[in-house]
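Report on one structure; see the data block that follows.
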Amino acid sequence: MANPSTDPDAAAASQAEVDAEIRGIRESYERVREEGGDGTEETQPRLDYPPYRSSLLRHPTKDPHHADPEGVELLAPCFGHSDVDPVEADLTIQHSGDPIGERMVITGRVLDGDGRPVAGQLVEIWQANAAGRYIHQRDQHHAPVDPNFTGVGRCLTDADGGYTFTTIKPGPYPWKNHHNAWRPAHVHFSLFGTDFTQRMITQMYFPGDPLFDLDPILQSIVDPRARERLVATYDHDVTSHEWSTGYRWDIVLTGAHRTPLEAEDD
C-alpha cells in the first residue's frame, strides 16, 4: 500500500481542485467498468479516498478480524426494549418551545437482503439544526444554536420493519476538509443488531441538493447507483396539512442493494 499524503497544505485546496480529484476517481472507476473490469458495483464508501482528506490517515489499514461478540458484550452497555420510549422518535417536543425550521417526518422500513422486514431494530438518528449547527463543543462555526432542538432521537422498528421520526430539516454546514467546503444537508442513522458489536452507521440525504457533487464524503461512494440509495424520496402522502413535509427512506442491511454504510469515525 502506498504511503498516504501528509501534505500540510492539502486542507487549503480549493473546491475546484477537490472537484478535479473527485472527477478523476469517478472517471477511472467508470472507465474500468466500461472496459470490462470485474463488473462489480462498489456498494460502500472507499476507505482511502484522497479528496476526503482525513480518510488518508484515519482509515483502517489492516484486514478486519472477527471478534468474540460474547466476550465484548460482557463489558459493553446494553439496553432493553422497555428502555426506548415512543416519544423519543419526536425530536420536536424535547424542549419547552418549538424548534425553528421545516418540520418533517422521515419514515421507512429496515429490510434484509431478501426484502424481509427487520423487527425490533434499534434505530438512532442525530443531525444538525435548521441552521446547520450541531449541539457539540467542536461545532463552533458561525450559526445559531437552537435552544429547542437537540437533534437526537431513537425508536424501535415495528413488526413490519417500519420506523418513523418527526424532526426538523437540517441545514448544510461548513467543514474544514478544504477551503470553503460545505456538506449537503443530511441525517445520520445508527442501527444496532442483536448486539452492540453489530452497530452500523450511515447517512440519509435529501433529493435535489446542489452540494452532492461537491462533497467528498458522499462522493467516496464512487458508484452513482449506490449513492442514489442514500437519498430519500419526498412523499406527499407522508406530509400533514399545515404541519409537516414528509420523506421516505428504506434501509437495506445486506445483499447487492444494501444501503452504503460508513466507519464510525466519519
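For this chain, numbers begin at 1 and follow the sequence in order. Keep in mind that the numbers below use all heavy atoms, side chains included, and drop hydrogens, waters and symmetry copies. Keep in mind that this is a model prediction, so the values were computed, not measured.
The backbone N or O of Gly153 sits nowhere less than 3.5 Å from a side-chain atom of Glu124 that would complete a donor-acceptor pair. The closest donor-acceptor contact from the side chain of His95 to the backbone of Gly97 lies at 3.5 Å or more, if one exists at all. Side chain of Tyr205 to main chain of Phe212: no donor-acceptor pair is present (N/O by atom type, distance under 3.5 Å, no hydrogens or angles). Panel note: side chain Arg133, backbone Asp146; no donor-acceptor pair is recorded below 3.5 Å. Ser240 contributes no side-chain N or O that, together with a main-chain N or O of Trp243, makes up a donor-acceptor pair within less than 3.5 Å. When atom types are taken as modelled, the side chain of Asp85 and the backbone of Glu88 share no donor-acceptor pair closer than 3.5 angstrom. Counting only distance, with no hydrogens or angles, the side chain of Asn129 and the backbone of Pro144 share a donor-acceptor pair below 3.5 Å. Of the possible polar contacts, one joining the Thr107 side chain to the Tyr163 backbone as a donor-acceptor pair under 3.5 Å is found. Of the possible donor and acceptor atoms, one in the side chain of Asn177 sits under 3.5 Å from a partner among the backbone N and O of Pro51. Within the 3.5 Å criterion, the main-chain N or O of Asp237 finds a donor-acceptor partner in the side chain of Asp235.
Contact between Asp83 and Arg154 at its shortest, heavy atoms only, is O-NH2, 3.0 Å. When all heavy atoms of Phe206 and Ala185 are compared, the pair lying nearest together is CD1-O, 3.6 Å. Considering every non-hydrogen atom in both His141 and Ala131, the closest pair reads NE2-O, 4.2 Å. Closest approach of Pro207 to Ala232, counting heavy atoms only: CD-O, 3.4 Å. When all heavy atoms of Leu47 and Ser55 are compared, the pair lying nearest together is O-CB, 3.4 Å.
Looking only at side-chain heavy atoms (C-beta outward), Val18 and Pro216 come within less than 4.5 Å of each other. For the pair Trp182/Asp215, no side-chain contact is recorded, criterion being any heavy-atom separation below 4.5 Å from C-beta on. Within the 4.5 Å cutoff, the side chain of Pro117 has heavy atoms near those of the Arg109 side chain. Proximity of Ser54 to Lys176: side-chain heavy atoms (C-beta onward) are nowhere separated by under 4.5 Å. Side-chain atoms of Cys155 and Thr164, non-hydrogen and from C-beta on, never get closer than 4.5 Å to each other. Side-chain atoms of His59 and Asp48, non-hydrogen and from C-beta on, do get closer than 4.5 Å to each other. Looking only at side-chain heavy atoms (C-beta outward), Thr43 and Asp223 stay at 4.5 Å or farther from each other. Using a 4.5 Å cut-off on side-chain heavy atoms (C-beta onward), Val145 and Tyr134 make no contact.
Ile106 and Met200 fall within the same hydrophobic cluster, where Ile, Leu, Val, Met, Phe, Trp and Tyr residues are linked whenever their side-chain heavy atoms come under 4.5 Å apart, directly or through other members. Under the 4.5 Å side-chain contact rule for hydrophobic residues, Trp175 and Leu218 share a cluster. Side-chain heavy atoms closer than 4.5 Å link hydrophobic residues (I, L, V, M, F, W, Y) into clusters, and following such links, even through other members, never connects Leu214 to Tyr52. Cluster membership check: Ile251 does not share its hydrophobic cluster with Val105, using side-chain heavy-atom separations under 4.5 Å among Ile, Leu, Val, Met, Phe, Trp and Tyr. Ile217 is connected to Ile25 through a chain of hydrophobic side-chain contacts under 4.5 Å among Ile, Leu, Val, Met, Phe, Trp and Tyr, so both are in one cluster.
The aromatic rings of His188 and Trp126 lie parallel to each other, their planes meeting at an angle below 30°, with 60° marking the opposite boundary.
Here the options are His236, Glu102, Lys169, the test is side-chain hydrogen bond (donor to acceptor under 3.5 Å, both in side chains), and the partner is Thr245; only Glu102 passes. For the side-chain contact (heavy atoms from CB on, under 4.5 Å) with Val110, the qualifying choice from Val252, Asp158, Thr157 is Thr157, the only one to do so.
Here the two rings, on His186 and Tyr173, have centers that are under 6.0 Å apart. Centroid-to-centroid, the aromatic rings of Trp249 and Phe189 come within less than 6.0 Å.
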Checking Thr167 against Gln127 for the side chain to side chain contact (heavy atoms under 4.5 Å, CB included) test, could you report, in this order, the C-alpha distance in whole Å, the side-chain angles of both residues, the deciding distance, and whether it holds?
CA-CA 9 Å; Thr167 183; Gln127 62 169 95; 2.7 Å; yes
What do the steps show when you test Ile221 against Leu230 for side chain to side chain contact (heavy atoms under 4.5 Å, CB included), and what is the final call?
CA-CA 10 Å; Ile221 306 166; Leu230 291 179; 3.4 Å; yes
Show your working on side chain to side chain contact (heavy atoms under 4.5 Å, CB included) between Phe165 and Leu91 and close with a plain yes or no.
CA-CA 7 Å; Phe165 290 101; Leu91 284 66; 4.2 Å; yes
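Contact check on Glu41 versus Arg229 returns a salt bridge, with a Lys/Arg side-chain nitrogen under 4.0 Å from an Asp/Glu carboxylate oxygen. Contact check on Arg53 versus Glu21 returns a salt bridge, with a Lys/Arg side-chain nitrogen under 4.0 Å from an Asp/Glu carboxylate oxygen. A salt bridge links Glu42 and Arg46; the closest N-O separation between the charged side-chain nitrogens and carboxylate oxygens is under 4.0 Å.
To the nearest 0.5 Å, atom CG of residue Leu191 and atom CG of residue Leu122 are 8.0 Å apart. The distance from atom CG of Asp90 to atom CD1 of Ile93, rounded to the nearest 0.5 Å, is 4.0 Å.
For the residue pair Gln203 and Arg183, a side-chain donor N or O sits within less than 3.5 Å of a side-chain acceptor on the partner. A side-chain N or O of Arg199 and one of Ser190 form a donor-acceptor pair less than 3.5 Å apart. Defined by atom type and a distance below 3.5 Å, a donor-acceptor pair is missing between the side-chain atoms of Ser14 and His178.
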